[in-house]
Amino acid sequence: MAPIGNAAKARLADPVLTRIVEQDKIPWYRKKNLRVLYLLLLPTCIGIEMTSGFDSQMINTVQIAPAWQNYFNHPAGPLLGIISAAYNLGAICALPFVPWLNDTFGRRWAIFLGSWVMVVGAVIQALSINAAMYVVARFILGFGIPFCIIAGSSLMGELAYPKERPVMTSLFNALWFVGALVAAGISFGTQSVKSDWSWRIPSLLQAGPSMIQICFIFFIPESPRFLISKDKREEAYRILVHYHAEGHSHSEFIRAEMAQIENTIRIELTHSERSWFEMLSTPGMRKRVLVGSFLGLFTQWSGNTLISYYLNDLLKLIGYTDPNFKGKLNVGLNSWNLVNAVLISLLVRRFPRRKMYLTCATSLMCCYVGWTVAMQQFMQHRSEMAAKITIFFIFAYSPCYNIGYNALTYTFLVELFPFAQRAKGITIFQFFGRGAGFFTTFVNPIGLENVKWKWLVTYCCWLAFEIVFIYFMFPETYGRTLEELAFLFEDKSFAEEATLKVEKQIHTELDEWRTSYRPPEGVTTYITAAPRARASDSFHEFGRWP
């Protein structure tokens, strides 16, 4: 493991709560309240990325439709680039406002307002009368999406039971492919419409996922961590009891979880200025920002935008011009993407983060090298076999990318940044990711038009750099709760202070009620392996739990 991995590991808090969670052998699907929570998180949070997936495939597949090409006078080069890139440009412009809305009004209101912005953008996009109006509509769509993504990923990580949190936050990105598949299927189906509605219908339906979020967002609770930061601890405690302990207010796990969250957030806020300056004011935060920034670049500069937005141009280069064939291939590609993305998301609990990221970047580089060679052979020899091998690598790319940059992105970000800086940290990631996305979606058609297959060489070189950066800079965050990772890069004394306060809080509370409370049959409440805090340790007595 790289040195930074060992250094970060040395500063981790003692995994008090993790040990308690490991004793819980009851699966989530046998817990009624947790089942309901996850069912509601599906349309409201996990489904947010469906909008991004829908957009990338919608703008990809409408280019195949002759009606769209004729209506906008066959856009190419810079015009085609700005049509695709306007979505990311809108997202960049929204980012300064996102943390303020998240930290002031909460995760749910950020999702609600961002969804309404995207509904307005989708309607304008469907009614566009020229390319300028179409670009403005895509800008508005992009302006709304970061409010939802940053709030939704944070809310997912902060509401989910610790055991399922990595899977839930991994599924957040996997649902991107649901939107992509739906868009590919709808756009393929509307190709037979002999009018402008062949592209206006998919454009209008892009509002669908946002309307679902608007309808269901207030059926789920607010983040307990946000509520605690606003001194609403009783409401936060009731939420944790209801969903994480199935209503058992005497659960030792809930008392431990509440103690850990409350004490850690108090320590964080005590040492936090809640400003943008603090993101660079300490060595620990600078390391987080560096890792989060480059992760944003990696998620967009690894060649994925080339396939997502310009599959039509790629297929043209290898001799496939039939719209019917390209439409079917696009639907098949997105179906394959969805299947492997979901399967990989379900495996994230089994493997360390660094190993998955290194496997991802290495396999992507191998994939792109093979793809580049295959395209070069076709361009030089017009070999049909080379064209088929190129399509193979396009399909092989998806699982390689999903191993790390899809499955782990928001899981890793939620673990990397503490609560006090989480919204700002994910915003910085979004800034670099959207900036990289804007750049690549703008220059990809120019590069493909001017240098053909040689454009892929730039991705091969960048992917080699990604491997080196991940090995030396990415910390390991596997197997800990969010609070146990809160001081990943900070002075070890902060982690020890939080751990000692949590342990003392737990044992003080539990010693009082263990003698008088007999748990219901079948409820596991006994804690093992958590050592008592020393009597000499300072401890501030917080209010009693109900």
Side-chain angles (χ1 to χ4, degrees), residues 38-62 87-88 90-91 107-108 110-123 125-126 138 140-156 167-189 201-217 219-220 299 304-305 307-309 330-331 333-345 398 401-402 405-407 409-410 430 433-434 437:
Y38 291 164
L39 182 64
L40 291 173
L41 286 174
L42 181 62
T44 54
C45 290
I46 304 179
I48 286 172
E49 278 288 10
M50 287 194 297
T51 301
S52 293
F54 194 106
D55 179 82
S56 67
Q57 279 309 302
M58 189 275 300
I59 199 64
N60 193 2
T61 53
V62 293
Y87 185 81
N88 284 315
R107 317 308 194 198
R108 295 185 302 174
I111 294 172
F112 182 76
L113 295 175
S115 296
W116 272 116
V117 172
M118 288 188 286
V119 169
V120 172
V123 172
Q125 181 178 246
R138 293 186 51 69
I140 295 172
L141 278 163
F143 192 90
I145 190 65
F147 289 95
C148 297
I149 289 178
I150 293 171
S153 58
S154 299
L155 188 58
M156 285 283 299
V167 175
M168 298 297 289
T169 48
S170 296
L171 286 172
F172 181 82
N173 247 1
L175 268 289
W176 189 96
F177 295 107
V178 173
L181 178 59
V182 171
I186 290 173
S187 299
F188 176 70
I201 290 174
S203 298
L204 184 61
L205 291 177
Q206 190 168 347
S210 298
M211 288 301 301
I212 294 174
Q213 289 145 31
I214 290 169
C215 293
F216 288 98
I217 188 58
F219 284 92
I220 63 173
T299 58
N304 49 311
T305 54
I307 299 174
S308 299
Y309 286 88
N330 193 42
V331 172
L333 179 61
N334 281 284
S335 300
W336 162 240
N337 291 345
L338 175 61
V339 170
N340 70 68
V342 172
L343 290 177
I344 292 171
S345 295
S398 172
Y401 182 89
N402 290 339
Y405 297 140
N406 185 278
T409 295
Y410 289 102
Q430 281 281 314
R434 296 295 175 178

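In what follows, residues are counted from 1 in the order of the sequence shown.
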Legend entry - Heavy-atom side-chain contact between Asn340 and Phe177 under 4.5 Å: no
Legend entry - Arg108 versus Ile220, closest heavy-atom pair with distance: NH1-O, 2.9 Å
Inset, instruction - For Ala341 and Asn406, work out which heavy atoms get closest and say how close. - result: CB-OD1, 4.2 Å
Inset, instruction - Output yes when a side-chain donor or acceptor of Gln206 lies under 3.5 Å from a complementary backbone atom of Pro202, and no otherwise. - result: no
Legend entry - Spatial distance of atom CD1 (Ile212) from atom CD1 (Ile217) [nearest 0.5 Å]: 12.5 Å
Legend entry - Sub-4.5 Å side-chain heavy-atom contact between Trp176 and Asn337: no
Legend entry - Closest contact, heavy atoms only, Asn334 versus Asn330: ND2-O, 2.8 Å
Legend entry - Test item: Asn304 and Tyr405 side chains (from C-beta on) under 4.5 Å apart, heavy atoms: no
Inset, instruction - For the pair Ser203 (side chain) and Ala126 (backbone), establish whether a donor and an acceptor sit closer than 3.5 Å, ignoring hydrogens and angles. - result: no
Inset, instruction - State the CG-CZ distance between Leu155 and Phe172, to the nearest 0.5 angstrom. - result: 10.0 Å
Would you mind writing out the side-chain donor-acceptor pairs for residues 39-50 within the sub-3.5 Å range, not counting sequence neighbours?
residue : atom : partner : partner atom : Å
Thr44   : OG1  : Leu40   : O            : 2.6
Glu49   : OE1  : Ser52   : OG           : 3.2

Legend entry - Nearest heavy atoms of Ser170 and Ser345, plus distance in Å: O-OG, 3.3 Å
Inset, instruction - Report the relative orientation of the aromatic rings in Trp116 and Phe112; use parallel for angles under 30°, tilted for 30 to 60°, perpendicular for over 60°. - result: perpendicular
Extract all donor-acceptor atom pairs below 3.5 Å that involve side chains of residues 140-154 and protein atoms in other chains or at least two apart in sequence.
residue : atom : partner : partner atom : Å
Ser153  : OG   : Ile149  : O            : 2.9
Ser153  : OG   : Ile150  : O            : 3.2
Ser154  : OG   : Ile150  : O            : 2.9

Inset, instruction - Heavy atoms only: give me the nearest Met168-Met156 pair and the separation to one decimal. - result: O-CE, 3.0 Å
Inset, instruction - Mind checking the CG-CG spacing from Leu338 to Leu181? Nearest 0.5 Å is all I need. - result: 6.0 Å
Inset, instruction - Mind running side-chain contact (heavy atoms from CB on, under 4.5 Å) on Phe54 and Val178 for me, showing each step along the way? - result: CA-CA 8 Å; Phe54 194 106; Val178 173; over 6 Å; no
